[in-house]
Amino acid sequence: MAAAIVQEGRLLVVSKKAAPDMFYLPGGKPDAGEEASETLVRELAEELGVKPMRTRFLAEVEAVAALENVPMRMTVFEAHISQVPRPAAELAHLRWASGREQDLVLAPAVRDHVLPLLRRRGAIAPVRPHGHTPAART
């Protein structure tokens, strides 16, 4: 289970202490007998000290796991938070990302599936062609 948390057009991504330069969505695997919503609440509390609000299913994502390099399936929920997230447990860092940062390495599932989906929905600004400057507003 993973949470796509977007605020002000930016997606919350986290890195783990084991791989601090690779950024993922916050979340994790369910415990035995745990429902998806319970997993999301537990993982966000453990990793970020926040409680998700207004969660809804976003997508089932199939991609190659960034570190293990094996196929994986991830259930992604859109979630909102009202608290300030802080990395805890196995997390090293968190960032609010547009997906256009040159210094940010995103996991393939986030880069190739989640960000494009959020852009299509208008939650994150689309990537502009290189050299494009938006027109000035008058």
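Bear in mind that the values here come from a model prediction, so they are computed numbers and not experimental data.
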Which pairs would a plain distance check flag for residues 88-97, meaning a side-chain donor or acceptor within less than 3.5 Å of a matching protein atom at least two apart in sequence or in another chain?
from	atom 1	to	atom 2	distance (Å)
Arg95	NH2	Asp103	OD1	3.3

Let me check something: do [X] and [Y] share a hydrophobic cluster, defined by ILVMFWY side-chain heavy atoms less than 4.5 Å apart, either directly or through other members?
X: Ile124; Y: Val14; value: no
X: Met1; Y: Leu58; value: no
X: Val41; Y: Met53; value: no
X: Leu12; Y: Leu104; value: no

Donor-acceptor pair, side chain of Glu34 and main chain of Ala32, under 3.5 angstrom: no
Glu38 side-chain N/O to Glu35 backbone N/O, donor-acceptor pair under 3.5 Å: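 At least one qualifying donor-acceptor pair exists.
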Any chance you could measure [X], atom [atom1], to [Y], atom [atom2], to the nearest 0.5 Å?
X: Arg120; Y: Leu115; atom1: CZ; atom2: CG; result: 11.0 Å
X: His113; Y: Leu106; atom1: NE2; atom2: CG; result: 12.5 Å
X: Ile81; Y: Leu44; atom1: CD1; atom2: CG; result: 8.0 Å
X: Ser98; Y: Glu8; atom1: OG; atom2: CD; result: 13.0 Å

Without placing hydrogens or testing angles, list every side-chain donor-acceptor pair under 3.5 Å for residues 67-75, not counting sequence neighbours.
from	atom 1	to	atom 2	distance (Å)
Arg73	NE	Glu60	OE1	3.3
Arg73	NH2	Glu62	OE2	3.3
Thr75	OG1	Glu60	OE1	3.2
Thr75	OG1	Glu60	OE2	2.7

Intermediate values then yes/no, side chain to side chain contact (heavy atoms under 4.5 Å, CB included), Leu11 and Val110: CA-CA 10 Å; Leu11 176 66; Val110 176; 4.0 Å; yes
Please list every donor-acceptor pair under 3.5 Å in which a side-chain atom of residues 19-31 meets a protein atom from a residue at least two apart or in another chain.
from	atom 1	to	atom 2	distance (Å)
Asp31	OD2	Arg42	NE	3.3

Lys/Arg-Asp/Glu bridge criterion (N-O < 4.0 Å) met for Glu47, Arg86: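 Salt bridge absent between Glu47 and Arg86.
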Ion pair check, Glu78 and Arg121, cut-off under 4.0 Å: yes
Where Ala59 and Leu117 come nearest, the two heavy atoms and their spacing: CB-CD2, 3.8 Å
